[in-house]
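Atoms considered below: every heavy atom in the structure, side chains included; atoms not considered: hydrogens, waters and symmetry mates. Here is the naming used below: chain letters follow the sequence lines, and residue numbers restart at 1 for every chain.
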Protein chains: 2
Amino acid sequence: MAGKNVSTDRCDCEVIHDDVVNSVRKKMPEEETLYDLAELFKVFGDSTRIRILWALDEAEMCVCDIAYLLNMTQSAISHQLRVLKQAKLVRNRREGKVVYYSLDDEHVKMIFDQGLVHINEER
Amino acid sequence: MAGKNVSTDRCDCEVIHDDVVNSVRKKMPEEETLYDLAELFKVFGDSTRIRILWALDEAEMCVCDIAYLLNMTQSAISHQLRVLKQAKLVRNRREGKVVYYSLDDEHVKMIFDQGLVHINEER
DNA sequence: TGGTCATATGAGTAATTGTTCATATGTTTA
DNA sequence: TAAACATATGAACAATTACTCATATGACCA
């Protein structure tokens, strides 16, 4: 019973299609799942991070390599790599002073490709 | 010649792997393409918009339905629908006073599913 | 025509975020 | 140990953004 309550406080208009809404509500995934999904896409939602991921999909590279490739400061890249690591999208290994980063998820490219399909569908 | 220049102004460290960087550079897509891709994912990077898209994937709904379903104000939903429309992810049709929104891209669900695969890969 | 309702939109605001700058950490080598 | 170098990180700042509030627009109906 509890947990199935539907508050109408926020919606400042009359509901028109109760049946549709209720049907959709049943099919919606957990709130948390969709939140996590948004968090993941938020990580993809920055061109610096997209470029880093795309680059790492081609080859493992150290922080310095990436900074040079993208013409950005080491610090900026390092900050973004931290975000990508937290999202479990990249992993790293240390070799002396140098830290090498690589992709940690084989789905990244697939997600990118699907995104590109949408972009190229300019209607 | 021009356009192939590589500036080293920003990178404040020594490059270690010129060969790797150059090889990756050749394979990188257009700067603009990756920027557009990031813009698309930015749209996905908000749980309100994710929920709207997921809901619309289940059924066409009017603004009021969505506001009620997500327990948000009509205004907030309307603002987000505008963003989704600009990204060509939803379309709408008017029927009297009511405006119905629906998904305008069949890849959305595929992109979401790929994202979910990543999320569920908790290692 | 005036009133009501669904939706859209502009301004304002609090929160988030990407980068820079300075500096810390950790590793190698002299 | 000290110097040099690759990387990490905290604070600060500017830019962006999601929502609220007030109001505009557009459609229907009495």
Send over the distance from [X] [atom1] to [N] [atom2], rounded to a whole Å.
| X | N | atom1 | atom2 | answer |
| --- | --- | --- | --- | --- |
| B/Asp65 | C/dA6 | CG | P | 11 Å |
| A/Phe41 | C/dT16 | CZ | P | 22 Å |
| B/Glu39 | C/dG18 | CD | P | 12 Å |
| A/Leu81 | D/dT9 | CG | C1' | 13 Å |

| task | Could I get the full list of salt bridge (charged side-chain N to carboxylate O under 4.0 Å, His left out) partners for B/Lys97, not counting sequence neighbours? | result | none
| message | For B/Glu95, give me all partners under salt bridge (charged side-chain N to carboxylate O under 4.0 Å, His left out), at least two apart in sequence or on another chain. | response | B/Arg93
| field | Contact letters for nucleotides 24-30 of chain D, in which S counts primed atoms plus P, OP1 and OP2 and B counts the base, heavy atoms under 4.0 Å | value | --BBS--
| When you check the phosphate oxygens OP1 and OP2 of D/dT7, does a side-chain N or O of A/Ser78 lie under 4.0 Å from one of them? |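 Indeed not, no polar side-chain atom of A/Ser78 lies that close.
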| said: Just N and O in the side chain of A/Gln80: are any of them under 4.0 Å from OP1 or OP2 of C/dT19? | reply: yes
| With nearest nucleotides of DNA chain C determined for A/Ala76 and B/Arg82 from heavy-atom distances, which residue corresponds to the more 5′ nucleotide? |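 Result: B/Arg82.
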| Mapping B/Lys42 and A/His79 onto DNA chain D by nearest heavy atom, which one lands closer to the 5' end? | A/His79
| Applying the 4.5 Å side-chain criterion to the ILVMFWY set and letting contacts propagate, would B/Leu53 and B/Ile119 be lumped into a single cluster? |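 Yes, same cluster.
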| task | Flag the pair B/Phe44 / A/His118 as yes when their ring centroid distance falls below 6.0 Å, and as no otherwise. | result |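 Ring centroids of B/Phe44 and A/His118 are no less than 6.0 Å from each other.
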